[in-house]
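These notes concern the structure reproduced below.
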Amino acid sequence: MVSFECDYIAGAHPEIIKRLSETNLESLPGYGMDHYTASAQQKIRKVCGCPDAQVELLVGGTQTNAVVISTMLRDWEGVIAADSGHVSVHESGAIEYSGHKVLALPGKDGKIEAPALKRFLERFYSDVTHDHMVFPGMVYISYPTEPGTLYSKSELEAISEVCREYSLPLYLDGARLGYGLMSRSSDLTIRDIARLTNVFYIGGTKVGALCGEAVVFTKGNRPEHFMTSVKKRGALLAKGRLLGIQFDTLFTDDLYFRISRHAIDMAEKLKDIIREKGWEPYMDSPTNQQLILMTEKEMEALGKKVVFDRWGINDDGRTIVRLATSWSTGEEDLEVLREV
């Protein structure tokens, strides 16, 4: 059996395991005060072209979204997100648990559209009863989106412009950021993202690390006493070295981007196999996640050799199946898929 279930089925890239092993017996201060964390933060500032960025390392995606959103919003505010967005659907109410509502906006192929965002905000502020409502206090998007689609540079610029007009911070969830940036269809760079957003994070958990996400506040806008807030929310790792060493390794010699590009190369070959087999795509994804439509019989045959994810039910009753490549996908995995 091989697994295309998700992009964190393997532990960590061998270079990370090697560095963790080499540094294992070093005595280092905790809570991210070690020199590896400082080095990782400086490398991230450099790659983002944002020398004054405030970089914080957190343990996982849900914790990151919950901490960033809840610390940046005021108590009467909520966060606007696509109705298919991760915070809207797959975070078990983590945002609402913090006391902040997710204001779901209908998306197209997983994306918020700038005109729809502006209409939402215009309608809110033109409603004379809006003081009785949850105020929009932030806009959340992800790159790639939940189904694996991408914002273009012009789309992100348009959303950023609306956010500036209404003084709303734009937050980009980059759990799979590397796979989006290395897509052959992407016209965005990490520097574009740093320029156009107020805060974003660089996903490590799904892109080669054992765990961890690097949050980048790009406009000197890190909430006051952020570490205290992280700890209050149970998201502060005492052995911060674990995160620092991993991100220091990922951003040495372009490792993060090299392994992300590998996943995209594997995804393109996976798409060739999908076409060869005549499987019907649910939508065209330019990233590492491929969604196809399958009957129960087709899934039964696939499941004899391949572990996959059931992503939902299509209107015609067929199942939406997700096959995901990652930094750890090999040619031999694709061969097993081809032989199904």
Side-chain angles (χ1 to χ4, degrees), residues 3-8 61 81-91 104-117 140-156 158-159 172-188 203 206-207 260-261 263-299 301-303 306-326 329 333-334 337-338 340:
S3 180
F4 290 92
E5 185 177 12
C6 64
D7 36 26
Y8 47 99
D83 52 5
S84 61
H86 204 67
V87 295
S88 302
V89 182
H90 286 129
E91 289 194 332
L105 189 66
K108 183 178 180 182
D109 295 335
K111 296 189 287 186
I112 286 176
E113 296 179 296
L117 174 62
Y140 164 99
I141 61 174
S142 55
Y143 186 87
T145 64
E146 196 72 358
T149 54
L150 295 175
Y151 288 92
S152 67
K153 185 188 291 188
S154 62
E155 288 172 329
L156 186 58
I159 291 170
L172 185 145
D173 177 330
R176 296 182 168 96
L177 183 65
Y179 302 140
L181 291 173
M182 291 298 102
S183 167
R184 299 174 187 180
S185 298
S186 175
D187 64 350
L188 279 170
K206 296 174 181 176
V207 193
S260 296
R261 187 178 300 112
I264 295 301
D265 290 343
M266 295 294 102
E268 292 298 323
K269 292 181 179 182
L270 188 151
K271 289 169 76 170
D272 289 340
I273 294 171
I274 290 171
R275 285 189 286 267
E276 289 169 13
K277 291 190 165 294
W279 291 335
E280 183 182 347
Y282 172 67
M283 66 166 57
D284 182 32
S285 168
T287 59
N288 69 311
Q289 300 181 94
Q290 301 303 314
L291 303 177
I292 57 179
L293 296 171
M294 284 194 154
T295 64
E296 287 295 330
K297 185 176 180 181
E298 288 172 325
M299 287 189 292
L302 179 63
V306 174
V307 180
F308 56 89
D309 185 39
R310 295 181 182 229
W311 207 69
I313 303 296
N314 194 44
D315 292 340
D316 64 4
R318 286 183 291 174
T319 298
I320 304 167
V321 168
R322 182 180 71 172
L323 300 174
T325 60
S326 74
T329 303
D333 300 318
L334 295 174
L337 183 64
R338 182 174 276 114
V340 170

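Atoms considered below: every heavy atom in the structure, side chains included; atoms not considered: hydrogens, waters and symmetry mates. Keep in mind it's a predicted model, so treat the numbers as computed, not measured.
- In this structure, Q289 contributes its side chain and P147 its backbone to no donor-acceptor pair below 3.5 Å.
- A salt bridge links E296 and R310; the closest N-O separation between the charged side-chain nitrogens and carboxylate oxygens is under 4.0 Å.
- Remark: side-chain polar atoms of T325 are paired, donor with acceptor, to backbone N or O of A263 under 3.5 angstrom.
- Residue-environment remark: OH (Y8) stays at or below the threshold of 12 foreign heavy atoms within 6.0 Å.
- The two residues R176 and V207 have their closest heavy-atom pair at CA-CG2, 4.3 Å.
- Formation of a donor-acceptor pair under 3.5 Å by the S3 side chain with backbone atoms of E5 is found in this model.
- Note that the OG1 atom of T329 and the CG atom of N288 stand 8.0 Å from one another [nearest 0.5 Å].
- Of the possible donor and acceptor atoms, one in the side chain of T149 sits under 3.5 Å from a partner among the backbone N and O of D109.
- Within 6.0 Å of the NZ atom in K277, the count of heavy atoms belonging to other residues, nucleotides or ligands exceeds 12.
- Shown are L323, D333, D265; of these, the side chain to side chain contact (heavy atoms under 4.5 Å, CB included) with L270 is made only by L323.
- Remark: the backbone N or O of I112 is paired with a side-chain donor or acceptor of Y151 at under 3.5 angstrom.
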*Derivation and outcome, side chain to side chain donor-acceptor pair (under 3.5 Å), residues D173 and Y140*: CA-CA 7 Å; D173 177 330; Y140 164 99; 2.6 Å; yes
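- Contact detail for I273 and L334: the closest heavy-atom pair is CD1-O, 3.5 Å.
- Counting heavy atoms from C-beta on, the side chains of D284 and K271 come closer than 4.5 Å.
- A salt bridge links D316 with R318; the closest basic N to acidic carboxylate O contact falls under 4.0 Å.
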